[in-house]
Visitor: 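First the structure, which I've put down as structure tokens, then a few questions once you've had a look.
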Amino acid sequence: MCISRGFHNRTNAPRPYLSIGLLPEADYIMTQRSRPFPRTVMLVPSLIVLSCLLSSAFAGPHARLKSPKRRPPKIALTEILSISTAANSTFSPIAVAPKSNIFISLTDDEAAAVISFLHNQTELNLTAAADAGAWDNAIEVVDLVQPNKTGKHTSLTDALDYLDNGGSIPARYAVARIAFGATEKPYLQDFIVGPLPISNASTYASLDWATTSGSAKIRNYNADDDLLTQWNFDVTATVADIVLDLLNGTATGSDNDTFDIWGIDPLWMEEIDGEERVILWNTYWRYPSGKYAIFDGETLLPQGLFFKSDITGRDSSKWKVLGWLYGDIFYSSTEEFRKAWSSPGFVKYELNLPGEWIGSDQIGTPFPADDIAPPLAVQPDGQRFSVDEEQKYVEWMDFSFYFTFTRDTGVRLFDIKYKGERIIYELGLQEAIAHYAGNDPVQSGTAYMDTFYGFGPYAFELVPGYDCPTYSHFLNATFHASEISTTHRNNICLFESDPGYLMQRHSTSQYLALTKNIVFTLRSVSTVGNYDYSFDYVFALDGSVETIVRASGYIQSAYYAKNNDYGECEKVHDALSGSMHDHVLNWKVDMDVLGTENTFVKHEIVAADVKYPWANQTRSTMRLERVRVENEDDAKLSWPQNGGGMFLVENSDKVNKYGEPKGFKIAPSRGGAGMYLTIQNSPNLLESGNFATHALYVTKHKDTETFLPYFPNVSLSLPAGHPLINFNDFFDGESLNQTDIVLWVNLGMHHVPHTGDMPNTVFTTAQSAFIISPHNYLLRDASRTTRQMVRIDYNSSGVQLVKEFGGNMASGVVNITALQPNFWDYEGDIAVRKFPYDPLHPFNDTESIV
Ligand SMILES: *[C@@H]1O[C@H](CO)[C@@H](O)[C@H](O)[C@H]1NC(C)=O
Ligand SMILES: *[C@@H]1O[C@H](CO)[C@@H](O)[C@H](O)[C@H]1NC(C)=O
Ligand SMILES: *[C@@H]1O[C@H](CO)[C@@H](O)[C@H](O)[C@H]1NC(C)=O
Ligand SMILES: *[C@@H]1O[C@H](CO)[C@@H](O)[C@H](O)[C@H]1NC(C)=O
Ligand SMILES: *[C@@H]1O[C@H](CO)[C@@H](O)[C@H](O)[C@H]1NC(C)=O
Ligand SMILES: *[C@@H]1O[C@H](CO)[C@@H](O)[C@H](O)[C@H]1NC(C)=O
Ligand SMILES: *[C@@H]1O[C@H](CO)[C@@H](O)[C@H](O)[C@H]1NC(C)=O
Ligand SMILES: *[C@@H]1O[C@H](CO)[C@@H](O)[C@H](O)[C@H]1NC(C)=O
Ligand SMILES: *[C@@H]1O[C@H](CO)[C@@H](O)[C@H](O)[C@H]1NC(C)=O
Ligand SMILES: *[C@@H]1O[C@H](CO)[C@@H](O)[C@H](O)[C@H]1NC(C)=O
Ligand SMILES: *[C@@H]1O[C@H](CO)[C@@H](O)[C@H](O)[C@H]1NC(C)=O
Ligand SMILES: *[C@@H]1O[C@H](CO)[C@@H](O)[C@H](O)[C@H]1NC(C)=O
Ligand SMILES: [Cu+2]
């Protein structure tokens, strides 16, 4: 299936909804091309001498003096602390993973072998993706099937046997998603292929066991993108004169078109004359042009004209136009629309035109002093974490983890260990909804499930000095789609940083104790159409792990006509309204606290009237109630109102010396607590949106309930199809008492765009996060272990003692000029065709090197 089919061939238009083909390679290459770095003059800062990073000018005693009722400490004036620095002698920034990364993506050779193997299965009747059209069968994606965590049901080794018990390495399997087009009723089906490497022992089978529907096969109602593109231009041709009059432009399919035509995702299903029909609403979007053509602002340029098509079946001669909408008036045929337009009194609305306002360049009077180079972070003594680049394995302080990269969800973390013990088996994004609302049928009909477009394909190269600190450790990642292996260079960065606030401090009139807060981050950014999602996994010295998503990029907006009447938006430009929407992003968090037997406990802080022995009256106060979530029936949860409680994953059998179960707390840490869909029973998502009705869920781990994001669920098949994986089916009353539990945590934002989203949403206000942190897991705050702290004892005669702990202060000079990133190094992706595949010449038939 030629994946560039049906996609807009003009610019880096927004989401390629017409293409089931994931990756219109030609187009996203253009996306990259269309974003060169401006040839601005590069400032050349001179060599800067870094003085101590900590200011040596310690300001004297505080004005705020309390009188501590305790003896003054006995200060040994000459105490000089000598801490062994032996630890640094063994440190190497290169790690050797203790075990093979069994979660790692398919290699190029594995992907090529799987593709070759499938092509040899004559009953699949495959056509090479490069040659395939809508009426062929073709491979869309190959990826790894994550090994079963527990394989007790089979004789085969599972991940935990391998990781923990010295078992043999689990067999590797691939999943291949095949689009079957050579039929009147096109469908997609997922197959499991293996074991790998491909040998005579390898087989393939429908991946039914990973679904809740019992079949990995799903109808594709959107297989004929070529026909649809042609259809759209056939329809627009019938109203070309009206459009020229109302919108002052053309949509004919030629290179000089003014308008791009696209609309709802998912498709809509409607009963007409007793028959289920497949409905598509489209609208006119204006291409940014002239000086502004470089900017991806098309989603800011809706034109307010909509048409409804019945596209049921594969014969486009039977498709119909069911009506037009302009100015909030619906015309049930093209004739009716034309008649109204040619009648006196027809109301024409203002044009929504490109201008400086859609560009993201510097604009307006610069801030004072803003031409001076801002503060800069450096890594003075080199990298303080270790990476096994080949195995995708990382060690930082007390943490270690493996990671992988998938076409659907991008980066996923596995086997996160803290102080040598696994705390999280799997941490990764599952799905991301952007559910719009609006008075027009396109906004109202839009509920993106972004794994359809994929977080892997759009996780582009990151820019040092902007996306990540210049000293970051960058890694590449590869995904395999449409028989092409595409490698994103430098699209994952790992770095330590100082978030700019301390981990700990305390002071009295006699001493101060201060601890630096150095955190470690793994970051990737996926630009899915108009939106840029930045994903951070942040590890901290106190043992916490924070998962953060931030959004930037262009909003998808609505034409202004009459939409304030419905209260769904705020006007953001002359003829433009923001389109209100909810973002809900679901994370799988498979916690394993001191083993797999864990319990989810709510510590609820509740108001109470209590009578104490020391008083005769009851007293209005509060108390802590511990509630175990013992059954899946009770496991659809919301964060406590008013922050009045704590959610814990504990191992009830492992108590600390004070008798408290050891556990980890999970809590929202950024953004509002509104982390599930506002819209109830979404008509766009139906059963596919079941994971977005609550803030978080707890289920019992099952290898069959992986909730691999099955992107065809929605974009191609809804609402006629039942989702392959219905999240509700995971909830079948199973006991959650001291068992292997999995959390499904939603992050997101209720996004009501306002003028501050023009031209792009800013990360600062569009972020959401949850944090997992030790709770009675250790006997003290783990950050006490760090050397990056100081105690300063002082009295009225000045500083008496500076106690350091072996954390070397940076010293010397840093050549900052040498740290400057070279933006001309930006290269983009490498994409290599895998069928036919020539491993000796890996770049043979290279699709593109951008
Ligand atoms: C550790 O590093 C410090 C600073 O680089 C150095 O002075 C010290 O000698 C090192 N220790 C050992 C044991 O190598
Ligand atoms: C597929 O068949 C071709 C031709 O018979 C053969 O060269 C190739 O090795 C086969 N591929 C696999 C993976 O079996
Ligand atoms: C195999 O696919 C081709 C299109 O690629 C189609 O013409 C042919 O009918 C299919 N054969 C079978 C047996 O389905
Ligand atoms: C696969 O089977 C063929 C024929 O049965 C045999 O010639 C070949 O050696 C086998 N390959 C492997 C890797 O076992
Ligand atoms: C209509 O478009 C033409 C060129 O395409 C332009 O010259 C003219 O100014 C436009 N008119 C309006 C009202 O924008
Ligand atoms: C646009 O291109 C078509 C050919 O694709 C040409 O016929 C037409 O004149 C062009 N229109 C303009 C306004 O340049
Ligand atoms: C990333 O890919 C580039 C280009 O193939 C290669 O030079 C570089 O070594 C790779 N980096 C890593 C960390 O594998
Ligand atoms: C409670 O009230 C009784 C009767 O007035 C009194 O004797 C007693 O001391 C009170 N107890 C406390 C704890 O105040
Ligand atoms: C993984 O688990 C599924 C579901 O229980 C099972 O059908 C499958 O055979 C298992 N695969 C392996 C390799 O053990
Ligand atoms: C769950 O475990 C707790 C503590 O072991 C026990 O008190 C409770 O009865 C158990 N509940 C169920 C439903 O088994
Ligand atoms: C600093 O780095 C720049 C760029 O690499 C280099 O040209 C310059 O000579 C360096 N300066 C010193 C003092 O090393
Ligand atoms: C790629 O491989 C084909 C045959 O497999 C060969 O004809 C062609 O010359 C190769 N191209 C390059 C650039 O190596
Ligand atoms: Cu948004």
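First listed ligand is number 1; within each ligand, the first listed atom is number 1.
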Visitor: Can you check whether L429's main-chain N or O pairs, donor with acceptor, with R412's side chain at less than 3.5 Å?
Guide: yes
Visitor: Could you tell me whether N137 and ligand 3 have an N or O pair separated by under 3.5 Å?
Guide: no
Visitor: How long is the gap from CZ on F405 to CZ on F403, to the nearest 0.5 Å?
Guide: 10.5 Å
Visitor: Can you list, by chain and residue number, every protein residue with a non-hydrogen atom closer than 4.0 Å to ligand 2?
Guide: A113, S116, F117, N120, I198
Visitor: In ligand 3, which numbered atoms sit nearer than 4.0 Å to a non-hydrogen atom of W135?
Guide: 4 (C), 5 (O)
Visitor: If we count only N and O atoms by modelled type, under 3.5 Å, do the side chains of Y453 and D265 hold a donor and an acceptor together?
Guide: yes
Visitor: Please round to the nearest 0.5 Å and tell me the distance separating atom CD of Q379 and atom CZ of F385.
Guide: 6.0 Å
Visitor: Quick check on ring pair (Phe, Tyr, Trp, His ring centres under 6.0 Å): which of F414, Y393, F539 does F401 satisfy it with?
Guide: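 When F414, Y393, F539 are each tested with F401, the ring pair (Phe, Tyr, Trp, His ring centres under 6.0 Å) holds only for F539.
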Visitor: Using a 4.0 Å cut-off to any heavy atom of E389, which atoms of ligand 7 qualify?
Guide: 13 (C)
Visitor: Just by distance, with hydrogens left out, do T527 and D532 show a side-chain donor and acceptor under 3.5 Å apart?
Guide: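 Their side chains do contain a donor-acceptor pair, which is all the 3.5 Å distance test asks for.
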Visitor: When you measure from the centre of the six-membered ring of Y221, is the NZ or CZ of R219 closer than 6.0 Å and no more than 45° off the axis?
Guide: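 Because its charged atom sits under 6.0 Å from the ring centre and within 45° of the axis, R219 does stack over Y221.
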Visitor: Check the side chains of E483 and H119 for a donor-acceptor pair under 3.5 angstrom, ignoring hydrogens and angles.
Guide: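 Note: H119 and E483 side chains meet the donor-acceptor criterion.
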Visitor: Under a 4.0 angstrom heavy-atom cut-off, which atoms of ligand 3 come close to D136?
Guide: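 Counting atoms of ligand 3 from 1, those under 4.0 Å from D136 are 4 (C), 5 (O).
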Visitor: Using a strict 4.0 Å cut-off to heavy atoms of A182, name the atoms of ligand 3 that fall inside it.
Guide: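 Here the atoms of ligand 3 in question are 2 (O).
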Visitor: At a non-hydrogen distance cut-off of under 4.0 Å, which region of T127 contacts ligand 3 (side chain, backbone, both, or neither)?
Guide: side chain
Visitor: In Å, rounded to the nearest 0.5 Å, how long is the span from CD1 of I423 to CZ of F399?
Guide: 5.0 Å
